[in-house]
Amino acid sequence: MVSGLINENPTVYERKERRVRTDSSNNDEYSVEPIDQLEIFDILLLQLHHIRDIRDPEHPYSLEQLKVLTEDSVEVDDGKSYVRVTFTPTVEHCSMATIIGLSVRVKLMRSLPSRYKIDIRVAPGSHATEAALNKQLNDKERVAAALENPNLVEMVDECLSPSFE
Amino acid sequence: MDLMEKNMELIEVQKLEGHTDRVWNAAWNPVSPILASCSGDNTVRIWEQSSLSRSWSCKTVLEETHTRTVRSCSWSPSGKLLATASFDGTTAIWEDLGDEFECISTLEGHENEVKSVSWNASGSYLATCSRDKSVWIWEVLGGNEYDCASVLNGHTQDVKMVLWHPTMDVLFSCSYDNTIKVWWSEDDDGDYQCVQTLDESTNGHSSTVWAISFNAAGDKMVTCSDDLTLKIWRADISMMHSGEGYAPWTHVCTLSGYHDRTIFSTHWSSDDIIASGAGDDAIGLFVESKQHDSVNGPSFNLLLKKEKAHEMDINSVQWSPSKENMLLASASDDGMVKIWQLETIP
């Protein structure tokens with residue numbers, strides 16, 4: 001594994017106040033709310049039950065704090081069962097982009113209903129080999145094979161393990 | 001038979017449950033009412049149709065051999081052998097002994113995941129391909145012996161599928177590098193070379209090519225891709241049969257706008273219906289247009305699109321070789337194999 005950190009001094013942004021959702025109008029326990037952008041963002045970064053903070057593989061700060069993932073990163077259409085997450089790796093040549101992308105996909109796969117189609121991409125202009133990376137992150141067979149690799153799974157699980165607070 | 005003039009429907013005959021992970025591929029036995037399916041659960045299931053009830057049930061599970069996902073399976077032309085390709089880097093050969101299947105050989109050599117395996121028309125050769133970018137040709141010797149005859153390099157990325165031509169010993173492969181390659185041994189001495197590459201410059205695909213299928217005559221071919229299209233190709237194979245040398249494949253037409261997610265599989269039936277299976281959970285059926293346009297050449301029309309054929313991505317569609325009925329098998333990420341019948345609605 002890499003001995004020195006690739007990005008030694010990441011810019012850390014302040015964490016956004018978590019918005020409390022009040023839905024007093026809906027008292028029906030069994031009604032199904034459509035999944036929206038905030039919920040997916042929460043899934044990616046917040047919720048206890050699912051993954052709270054996807055940790056940046058190299059730093060203990062969360063991906064939200066490093067602006068790798070923001071609410072705007074998530075485009076969702078629940079009616080079409082579609083979500084696209086765009087993330088911004090911290091350094092242009094960030095070699096951890098594959099792990100981040102894979103972790104985001106795994107997190108969503110574990111959290112969203114199976115009807116969902118998931119696309120993951122790096123923000124345009126944010127990575128040297130953007131097209132190649134996007135292709136790899138969205139090739140289902142490659143992702144499946146990667147997730148059978150115990151080393152990769154371990155890295156992804158570390159990335160997804162709850163942070164200490 | 002002009003199918004476009006009738007009302008056709010794809011009716012679900014049966015849902016085969018049992019796999020505990022996504023099903024990647026389904027393959028019909030060429031001679032018996034048997035279907036093989038392979039899965040991310042590392043097993044292969046053999047389904048048999050009861051002659052009495054006509055329903056399908058799981059006859060046997062081939063397990064404890066592959067240690068990772070089984071990605072594709074292919075029956076030998078005789079129907080007695082089944083080859084299974086796995087992410088564990090090996091290709092297993094199984095023999096149908098009646099009550100059970102026995103793994104009689106394991107082909108090793110690829111550096112990483114094997115994606116596809118194909119038998120040639122006479123059953124004398126096998127081909128495999130892998131993420132290691134190579135295509136291997138294996139000779140079938142007697143006594144359950146298989147020998148690596150050739151290692152073909154040329155693709156610059158992960159090779160997704162290999163398929164032998166239905167009548168000639170010409171091998172086709174398609175890849176993550178967006179191309180389709182044609183391999184041929186001109187002097188028939190086992191020295192295979194890449195004789196053609198179908199890429200974007202020859203009207204080829206602009207993203208990963210996932211599958212290839214030939215019509216019965218072997219003079220037309222369909223390919224499908226992550227670029228959301230199906231492409232039809234043709235070649236003057238009578239030229240090859242008469243020994244005049246290699247007949248190149250040329251693009252005929254592109255079918256686009258029918259699927260909005262990656263098309264993972266396509267299969268050309270013996271009665272000329274092309275099936276497609278995609279990440280939009282739908283099955284598409286296409287037939288050649290009756291209107292022969294001498295300027296633009298043959299075109300294909302959508303016969304029908306079966307939306308939500310499965311609850312998740314469809315990875316494989318395969319027409320049954322049986323002449324009796326138009327049966328189609330589909331395999332999906334939802335863990336199901338489904339058998340469909342194409343019927344005319346009165």
Side-chain angles (χ1 to χ4, degrees), chain A residues 32 34-35 75-86 97-99 101-102 104-122 124 128-157, chain B residues 21-22 24-25 39-42 66-72 85-89 112-116 130-132 156-161 175-178 206-211 225-227 259-262 264-265 278-281 308 310-316 332-336:
Chain A
V32 179
I35 296 169
E75 295 161 74
V76 59
D77 185 331
D78 190 59
K80 296 198 173 124
S81 303
Y82 177 74
V83 62
R84 180 167 72 174
V85 176
T86 305
T98 310
I99 297 294
L102 206 53
V104 169
R105 181 177 288 283
V106 169
K107 178 53 184 152
L108 290 177
M109 274 162 48
R110 289 178 185 167
S111 314
L112 293 172
S114 59
R115 61 182 162 89
Y116 260 83
K117 305 299 178 187
I118 301 167
D119 283 345
I120 312 284
R121 63 169 189 165
V122 283
T129 62
E130 185 178 311
L133 185 56
N134 288 337
K135 191 173 183 180
Q136 200 173 65
L137 289 173
N138 294 292
D139 181 312
K140 181 174 79 174
E141 189 185 65
R142 294 289 281 266
V143 170
L147 294 176
E148 286 185 353
N149 177 334
N151 295 325
L152 259 174
V153 173
E154 200 186 310
M155 287 175 77
V156 166
D157 279 341
Chain B
D21 201 310
R22 66 177 14 130
W24 280 108
N25 195 211
S39 165
D41 65 12
N42 305 356
H66 286 302
T67 54
R68 285 182 62 180
T69 285
V70 188
R71 177 61 182 88
S72 81
S86 170
F87 283 2
D88 65 14
N112 47 50
E113 302 93 56
V114 189
K115 305 290 177 96
S116 172
S130 161
R131 179 168 62 89
D132 68 11
T156 56
Q157 294 277 1
D158 179 11
V159 190
K160 298 299 197 185
M161 181 174 174
S175 164
Y176 184 101
D177 68 12
N178 308 348
S206 55
S207 189
T208 300
V209 188
W210 281 93
S225 166
D226 179 61
D227 68 8
H259 289 290
D260 57 8
R261 301 287 296 178
T262 304
F264 291 109
S265 177
D280 59 6
D281 313 345
K308 279 278 162 256
H310 281 270
E311 286 165 32
M312 293 172 74
D313 289 11
I314 296 172
N315 299 317
S316 173
S332 165
D333 276 358
D334 64 12
M336 303 288 161

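What you see is a predicted model, and the numbers here were worked out from it, not measured in a lab. A, B, ... follow the sequence lines: proteins, then strands. Residue 1 opens every chain.
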Seminar exercise, completed: If one checks every heavy atom of A/Ala131 against chain B at 4.5 Å, the contacting part turns out to be neither
Show me the donor-acceptor pairs under 3.5 Å between chain A and chain B.
from     : atom 1 : to       : atom 2 : distance (Å)
A/Lys117 : NZ     : B/Gly279 : O      : 2.9
A/Lys117 : NZ     : B/Asp281 : OD1    : 2.5
A/Lys117 : NZ     : B/Asp313 : OD1    : 2.6
A/Asp119 : OD1    : B/Arg261 : NH1    : 3.3
A/Asp119 : OD1    : B/Arg261 : NH2    : 3.0
A/Asp119 : OD2    : B/Arg261 : NH1    : 3.1
A/Lys135 : NZ     : B/Tyr176 : O      : 2.5
A/Lys135 : NZ     : B/Asn178 : OD1    : 2.7
A/Gln136 : N      : B/Tyr176 : OH     : 3.2
A/Asp139 : OD1    : B/Lys160 : NZ     : 3.4
A/Asp139 : OD2    : B/Lys160 : NZ     : 3.0
A/Lys140 : NZ     : B/Asp313 : OD2    : 3.1
A/Lys140 : NZ     : B/Asn315 : OD1    : 2.5
A/Lys140 : NZ     : B/Asp333 : OD1    : 3.4
A/Lys140 : NZ     : B/Asp333 : OD2    : 3.1
A/Glu141 : OE1    : B/Lys115 : NZ     : 2.7
A/Glu141 : OE1    : B/Lys160 : NZ     : 2.7
A/Glu141 : OE2    : B/Arg71  : NE     : 2.4
A/Glu141 : OE2    : B/Arg71  : NH2    : 3.2
A/Arg142 : NH1    : B/Asp158 : OD2    : 3.3
A/Ala145 : O      : B/Arg68  : NH2    : 3.1
A/Glu148 : OE1    : B/Arg68  : NE     : 2.7
A/Glu148 : OE1    : B/Arg68  : NH2    : 3.3
A/Glu148 : OE2    : B/Thr69  : N      : 3.3
A/Glu148 : OE2    : B/Thr69  : OG1    : 2.3

Problem set entry | Where A/Leu133 and A/Val122 come nearest, the two heavy atoms and their spacing |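 In terms of heavy atoms, the two residues are closest at CD2-CG1, 3.5 Å.
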Exercise. What is the distance from atom CG of A/Leu137 to atom CD1 of A/Ile120, rounded to the nearest 0.5 Å?
Worked result: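 Result: 7.5 Å between the selected atoms.
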